[in-house]
Student: 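Structure below; questions to follow.
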Amino acid sequence: MKPLITLILVLVSIAYPLLVYLGIQHISPALFALVLAVLAVAKFIATRRQGQAQQHTETALLLVALAYSLALLIANNSLLLKLYPVMMSLCIALLFALSLRAPESLIERLARLGGETITPRAKGYTRVLTGLWALLLLGNAAIALYLALFASLKSWALYCGLLSYVFFGLFFALEYSYRRYYIRKYREPA
């Protein structure tokens with residue numbers, strides 16, 4: 001059941017800008033707030049893990065999503081509705097950036113989960129990648145904020161619902177391929 005819930009949540013999250021674009025003329029932002037709150041709780045329940053650090057992160061994300069939903073419910077404002085991608089991008093950028101303060105960066109943790117052996121040289125590389133992801137996500141948040149404030153709904157939906165996904169998908173594919181190559185090339189400690 002959890003994989004199905006997770007799949008539905010991912011699909012709804014990806015389609016969010018399109019749903020806003022199509023529904024904003026007919027559906028109140030307050031109703032979107034209720035849907036977002038339900039989705040945030042469902043995501044929290046579906047993705048709970050045993051690790052204490054992950055539990056804290058997921059709890060923090062849930063609280064941010066619920067606070068945003070409450071603000072949207074009270075304000076019932078379409079501009080606030082368009083700021084959801086900004087908030088999500090900032091939260092994920094913060095996760096990447098905060099992991100740089102820990103002994104193991106987020107990219108290193110993901111690489112280890114994928115079965116990679118991380119040498120000191122690869123560890124430095126994964127830290128650089130983690131910082132790069134944080135910067136890219138901050139840039140994405142800035143673009144989404146600009147479009148929410150100054151562009152048409154159509155332009156905002158095109159960028160947030162398509163172009164940003166294409167960019168991050170391509171970047172991920174290239175970065176992941178090169179990361180695997182780099183980690184395997186320098187498998188032996190220098």
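What you see is a predicted model; the values in this text were computed from it and never measured.
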Student: Rounded to the nearest 0.5 Å, what's the gap from CG on Leu149 to CG on Leu83? Could you check?
Tutor: 6.5 Å
Student: From Tyr125 OH over to Thr119 OG1, what is the distance, rounded to the nearest 0.5 angstrom?
Tutor: 12.5 Å
Student: Looking at Thr130 and Ile107, would you say the former's side chain and the latter's main chain have a donor-acceptor pair under 3.5 Å?
Tutor: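 Judged by distance alone, yes, a pair lies under 3.5 Å.
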Student: Hydrophobic clustering (ILVMFWY, side-chain heavy atoms < 4.5 Å, transitive) - are Phe172 and Leu136 grouped together?
Tutor: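 They do share one cluster, since a chain of ILVMFWY contacts under 4.5 Å joins Leu136 to Phe172.
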Student: Is any side-chain heavy atom of Leu36 closer than 4.5 Å to one of Tyr16?
Tutor: yes
Student: Would you say the side chain of Leu153 lies within less than 4.5 Å of the side chain of Lys82, judging by non-hydrogen atoms?
Tutor: yes
Student: So Asn76 and Pro29, do their side chains get closer than 4.5 Å, heavy atoms only?
Tutor: yes
Student: Taking atom OH of Tyr146 as the centre, report whether more than 12 heavy atoms of other residues, nucleotides or ligands fall under 6.0 Å from it.
Tutor: no
Student: Inspect the surroundings of OH in Tyr182 and state if more than 12 heavy atoms from other residues, nucleotides or ligands are less than 6.0 Å away.
Tutor: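 Counting other residues, nucleotides and ligands, OH of Tyr182 exceeds 12 neighbours.
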Student: Where the side chain of Ser99 meets the backbone of Ser105, is there a donor-acceptor pair that is under 3.5 Å apart?
Tutor: no
Student: For Ser69 versus Ala33, what's the shortest heavy-atom pair and its separation?
Tutor: O-CB, 3.2 Å
Student: So which atom in Tyr21 and which in Ala157 form the shortest heavy-atom distance, rounded to 0.1 Å?
Tutor: CB-CB, 3.7 Å
Student: Taking atom OH of Tyr176 as the centre, report whether more than 12 heavy atoms of other residues, nucleotides or ligands fall under 6.0 Å from it.
Tutor: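 Count not over threshold, so no.
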Student: Mind checking whether Val41 and Leu66 have side chains closer than 4.5 Å, heavy atoms only?
Tutor: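 A side-chain contact under 4.5 Å exists here.
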Student: When hydrophobic residues are tied together by side-chain contacts of less than 4.5 Å, even through go-betweens, does Tyr84 share a cluster with Leu94?
Tutor: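 No, Tyr84 and Leu94 fall in different hydrophobic clusters.
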Student: Under 4.5 Å between any side-chain heavy atoms of Leu106 and Leu100, yes or no?
Tutor: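 SC-SC contact between Leu106 and Leu100 ruled out.
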Student: Rounded to the nearest 0.5 Å, what separation is found between the CD1 atom of Ile27 and the CG atom of Leu22?
Tutor: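 Answer rounded to 0.5 Å: 9.0 Å.
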Student: Of all heavy-atom pairs between Cys160 and Ala144, which one has the smallest distance, and what is that distance?
Tutor: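 It is SG-CB, 3.9 Å.
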Student: Is it true that Arg184 and Glu116 have a side-chain N and a carboxylate O under 4.0 angstrom from each other?
Tutor: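 Counted as a salt bridge, because a side-chain N and a carboxylate O are separated by less than 4.0 Å.
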Student: I'd like to know if the side chain of Ser89 reaches the main chain of Val86, judged simply by a donor and an acceptor atom lying under 3.5 Å from each other, with no hydrogens or angles considered.
Tutor: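 No; judged by distance alone, with no hydrogens or angles, the pair does not exist.
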Student: I'd like to know if the side chain of Lys43 reaches the main chain of Leu62, judged simply by a donor and an acceptor atom lying under 3.5 Å from each other, with no hydrogens or angles considered.
Tutor: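 No, the answer is negative, given that no donor and acceptor are paired below the 3.5 Å cut-off.
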Student: In Å, rounded to the nearest 0.5 Å, how long is the span from NZ of Lys185 to CZ of Arg121?
Tutor: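 That separation rounds to 7.5 Å.
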Student: Over all heavy atoms of both residues, which pair between Tyr68 and Met87 is shortest? Give the atoms and the distance, please.
Tutor: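 Closest approach of Tyr68 to Met87: CB-SD, 3.4 Å.
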Student: Please give me the minimum heavy-atom distance between Thr117 and Ile183, naming the atom from each residue.
Tutor: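 Minimum heavy-atom contact is O-CG2, 3.5 Å.
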Student: Identify the residue among Leu63, Thr57, Leu61 that makes a side-chain contact (heavy atoms from CB on, under 4.5 Å) with Thr59.
Tutor: Leu63
Student: Sequence neighbours left out, what passes salt bridge (charged side-chain N to carboxylate O under 4.0 Å, His left out) with Arg112? Give chain and number order.
Tutor: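 Applying salt bridge (charged side-chain N to carboxylate O under 4.0 Å, His left out) to Arg112 gives Glu104, Glu108.
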Student: For the atom pair CG (Leu132) and CZ (Phe96), what is the distance rounded to the nearest 0.5 Å?
Tutor: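 Separation between the atoms: 10.0 Å.
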Student: Should Leu174 and Val166 be counted in the same cluster of Ile, Leu, Val, Met, Phe, Trp and Tyr side chains packed under 4.5 Å apart?
Tutor: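 No, separate clusters.
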Student: Is there a path of hydrophobic side-chain contacts, each under 4.5 Å between heavy atoms, that joins Val64 and Val38?
Tutor: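 Result: no, two separate clusters.
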Student: Please name the residue in the list Tyr165, Tyr178, Trp133 that meets the ring-ring contact (aromatic ring centres under 6.0 Å, His included) test with Phe171.
Tutor: Trp133
Student: Is it possible for you to say whether Leu145 and Leu80 belong to one hydrophobic cluster, with membership spreading through side-chain heavy-atom contacts below 4.5 Å?
Tutor: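 Yes, it is one cluster - the side chains of Leu145 and Leu80 are joined through contacts under 4.5 Å.
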Student: Measuring from atom CZ of Phe32 to atom OG of Ser78, what distance do you get when rounded to the nearest 0.5 angstrom?
Tutor: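 Here the rounded value is 10.5 Å.
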Student: Find out whether Leu137 and Phe168 are in side-chain contact, i.e. whether some heavy atom of one side chain is under 4.5 Å from a heavy atom of the other.
Tutor: yes
Student: Do the non-hydrogen side-chain atoms of Asn140 and Tyr159 ever get within less than 4.5 Å of each other?
Tutor: yes
Student: If you take all heavy atoms of Ser177 and Ala173, which pair is closest and at what distance?
Tutor: OG-O, 2.8 Å
Student: Would you say Asn77 and Leu81 make side-chain contact, with heavy atoms under 4.5 Å?
Tutor: no
Student: For residues 133-144, pull every pair meeting salt bridge (charged side-chain N to carboxylate O under 4.0 Å, His left out), keeping only residues two or more places apart or in separate chains.
Tutor: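 Counting only pairs at least two positions apart or across chains, no salt bridge (charged side-chain N to carboxylate O under 4.0 Å, His left out) contact touches residues 133-144.
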